[in-house]
Amino acid sequence: MSFDLYLQGLHYFANPMMFVTSFLGVLVGIVFGSLPGLTATMTIAVFIPFTFGLDPVVSFAFLLGLYTGAVYGGSISAILINIPGTPSSIATGFDGFPLCQQGRAGEAIGISTISSAMGGFFSVLVLCVAAPLIASIALKFSAEEYVGITLIGLSVIAIISPGSTVKGLIGGVLGLILGTFGLDPITSFPRMVFGQAELLDGIDSIPVMIGVYGVAEMFNQIVKNNHHNVIAQKLDKILPSFHDIKRLVPTIFRSSLIGTVIGAIPAAGGSIASLVAYGQEKKFGKNKELLGTGIIDGVAAPEAANNASTGGALIPMMTLGIPGDPMTAVLMGGLIIQGLRPGPILFQQQMPFVSSIFISLLLSVVFMLVIGLAGARGFSRLITVRKNFLIPSVFIFCLVGSYAINNSMFDVWILLIAGFGGFMLKQINFSVAPIILGMILGPLFETNLRRSLMLSEGNWSTFVSRPISLFFLILVVLILAGPFLLKTIRRPKAACEDETTEDVRI
Amino acid sequence: MKKILLVLCFVALTFPLIAEGAQEEGVYPSKDVKVIIPWSVGGMTDVLTRPITSWLEDDLGVNFIVENKPGGGGVVGSLLIENSPTDGYTIGTTSMSTISAKYISPVYPDIDNVELISQVITIPATVTVKADSPWNTIEEYVAYAKANPGKVKNSNSGNGASAHIYAEIFAAEAGIELNHIPYPGYAEGVTALLGGHVDSTNIPLPDVAQHIESGDLRLLAIASAERHPDYPDVPTLKEKGFDIVLGNYSGFVAPKGMDPEQIKILDEAIGRCLADPEIQSFLLGAGYQPLYSDRMEFADVVNSAEAQLEYLVNDLGVEFVDD
């Protein structure tokens with residue numbers, strides 16, 4: 001595809017409405033994304049009906065602004081109150097929240113903004129230049145490759161869980177069990193449904209996430225009874241130093257690449273992308289041994305990845321008409337209502353519109369950077385609000401958010417049960433992240449494992465005879481056995497070397 | 001931030017008050033009508049329902065408030081429609097999954113518990129293969145499948161879901177045996193075919209149409225009663241000697257016991273709506289085949305879908321649920 005095709009949309013830069021709606025979209029997206037319980041998918045779903053009457057170009061500037069803003073906004077609450085706004089910001093909290101407790105919330109938000117913008121920008125570039133090519137590669141991913149990807153995600157649980165690995169693995173298994181509720185993905189046999197229609201779709205991971213993070217944390221705060229204990233925040237340093245950024249460039253680049261690629265694979269999405277990015281930082285990062293204690297590297301990696309996954313997820317949606325994640329599925333509905341059907345025909349017949357999408361996405365990344373940096377100080381001030389105001393408000397948002405996902409009271413009960421369970425687990429220093437990750441990854445793994453075996457007529461060698469699948473499996477082995485292998489290799493000269501930095505936690 | 005929260009709370013509290021408004025009594029409809037869609041925002045049913053309800057707003061002069069109640073593959077929302085008040089101010093949408101649910105789910109809606117209002121679209125099933133596959137005609141495909149029983153991998157949208165039902169009925173009628181590979185939905189089933197991971201699919205036209213246009217997929221046959229206007233060269237299964245018309249539908253229903261006069265008013269309004277060329281061209285453009293059937297004709301459509309399902313389960317012994 002020749003490049004000047006993309007220039008056909010340049011005249012949209014003359015349309016002031018596009019700037020206005022894009023800005024509004026990002027702003028609203030950040031606010032909604034940062035509120036616990038209001039996910040990026042829901043934010044888009046709520047606002048789509050408002051765009052019906054608008055011109056497609058203008059309405060998409062708004063929706064893509066929402067998309068970008070909401071994915072970014074999810075990290076703000078993860079950093080400030082340790083409640084991820086969306087599943088893709090779970091990993092951001094690993095280091096973001098400890099930073100906040102050190103009084104460095106402003107800095108964490110600054111880094112998160114810069115990395116998100118760089119990740120977003122990277123994925124827009126990839127989307128513009130290589131979308132059709134990447135889409136055709138993504139098509140090569142069959143069930144076997146998904147098995148590999150989800151296994152990488154699952155094995156990352158073992159290495160990232162802060163504290164005890166055994167507890168992390170128990171949490172992961174608990175999540176896997178929670179993920180088996182509902183219709184069997186292959187035979188449609190109802191499992192652990194107990195006659196409840198609401199359980200047919202299984203347990204939604206979002207109310208569980210809000211429960212174990214949000215509600216449990218609120219219970220925790222109430223019990224600790226330190227309502228007036230406010231962490232003083234240093235707000236003089238929002239913009240990271242040039243030195244820091246220079247140091248983080250390799251991390252951000254690796255994470256952006258991971259985010260774009262995983263985002264482009266249908267059904268994978270930002271939560272796996274940010275998790276894998278955090279995992280690779282734990283393996284290859286310069287400060288890997290400090291990860292989890294509150295360092296900016298741990299915020300940069302998942303943030304670059306989850307925003308890069310937004311552009312990535314648009315690749316299969318726009319070029320094939322296949323949504324890359326739930327958010328793009330909703331966006332696709334919005335496009336169809338506008339009378340545009342995303343897919344190969346869109347690229348052939350509606351090139352000016354396609355380039356307007358690239359421009360909108362670029363605009364939203366710029367606005368995200370501006371709003372994020374300008375607002376960092378204000379956001380961080382949020383947690384200086386007295387706890388007896390903050391706790392009830394957050395609690396109400398958790399309730400409203402869980403109800404709103406499916407307009408269902410059932411999800412509110414799930415939230416409360418998960419909240420109570422999460423609170424109990426916190427008492428025994430149990431990390432809750434593996435539970436959510438197990439819940440998200442488990443069903444993907446199970447379905448694709450069984451589908452692979454159906455496709456290969458029961459032949460297990462299919463996993464190693466396909467090159468991409470084999471590559472993933474080797475990565476899994478390296479991730480799990482890496483620390484052991486390194487230790488064995490280094491043992492002979494270990495006498496004179498300081499080995500305390502090696503992270504052995506299997 | 002606190003101010004934003006305050007404003008949001010205020011808007012949330014006052015919105016229903018503004019929306020309620022004062023309405024005159026006597027004429028139906030005289031106040032807002034709630035439309036329950038048992039599927040999510042941006043999904044197939046949502047996309048086709050919203051333009052229709054906004055047309056109805058202009059026509060009938062009241063608001064139609066769309067409420068998405070996804071869950072359980074449509075079961076949750078459909079049960080909700082069944083149990084809604086019958087005052088005429090709550091209606092909903094239906095499709096084949098409302099009746100196929102009883103073969104899968106321990107709790108399921110019953111189509112006899114609702115009143116049919118009207119059908120708005122039909123979605124014909126297809127026999128679709130990859131463009132670089134060795135089969136150029138439906139005869140070649142069937143001949144290969146006959147010679148190699150169980151070898152043709154056919155993607156569907158889940159065990160017991162619509163595309164699986166079409167595939168089972170087609171396979172029975174054609175006397176072939178397919179290797180059914182379930183995917184979570186139409187989009188994923190089509191992706192698997194595009195990627196060459198499966199050999200064919202019976203997924204309905206809207207989801208394969210643009211890949212046929214772009215030349216990546218080949219439509220061997222369509223399962224509608226007549227040829228499709230956009231694909232005049234593609235034969236129907238009927239013409240080729242397979243006496244089946246397969247496909248999904250979407251339409252409006254009301255809780256059992258709603259006043260027949262009110263149903264008639266809604267049905268006629270929907271009929272006017274579907275006659276509007278703008279609505280028709282929207283539906284066609286989005287890949288749907290507009291097909292209005294009034295409440296009487298719609299009953300035939302639903303009955304025939306029920307009969308096809310019963311034939312599958314009772315006569316062919318197809319088990320949607322392994323146990």
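We name chains A, B, ... by the order of the sequence lines, and we start the count at 1 in each one. What you are looking at is a predicted structure, and each value in this text was computed from that prediction instead of being measured.
Contacts between A:Ile336 and chain B at a heavy-atom distance below 4.5 Å involve backbone atoms as well as side-chain atoms. If you measure heavy-atom distances from A:Glu144 to chain B, you find no contacts under 4.5 Å at all.
Considering only heavy-atom pairs separated by less than 4.5 Å from chain B, the leading option among A:Asp201, A:Leu199, A:Thr41 is A:Asp201. Among A:Leu455, A:Val46, A:Val330, the residue making the largest number of heavy-atom pairs under 4.5 Å with chain B is A:Leu455. Interface remark: of the candidates B:Arg50, B:Lys153, B:Met44, B:Arg50 forms the most heavy-atom pairs closer than 4.5 Å to chain A. For the set B:Pro182, B:Ala192, B:Gly77, B:Gly196, the count of heavy-atom pairs under 4.5 angstrom toward chain A peaks at B:Pro182. Ranking B:Asp207, B:Val66, B:Asn179, B:Val47 against chain A, the residue ahead of the rest is B:Val47, based on heavy-atom pairs under 4.5 Å.
Partners of B:His180 according to the ring pair (Phe, Tyr, Trp, His ring centres under 6.0 Å) rule, which considers only residues two or more places apart in sequence or in another chain, are B:His164. With sequence neighbours left out, the side chain to side chain donor-acceptor pair (under 3.5 Å) criterion links B:Ser162 to B:Tyr186.
Seen from the ring of B:Tyr183, A:Arg451 counts as a face-on cation partner, given the 6.0 Å and 45° thresholds.
With salt bridges taken as basic N to acidic carboxylate O contacts below 4.0 Å, none links A:Glu145 and A:Lys140.
Here the two rings, on A:Phe445 and A:Tyr146, have centers that are 6.0 Å apart or farther.
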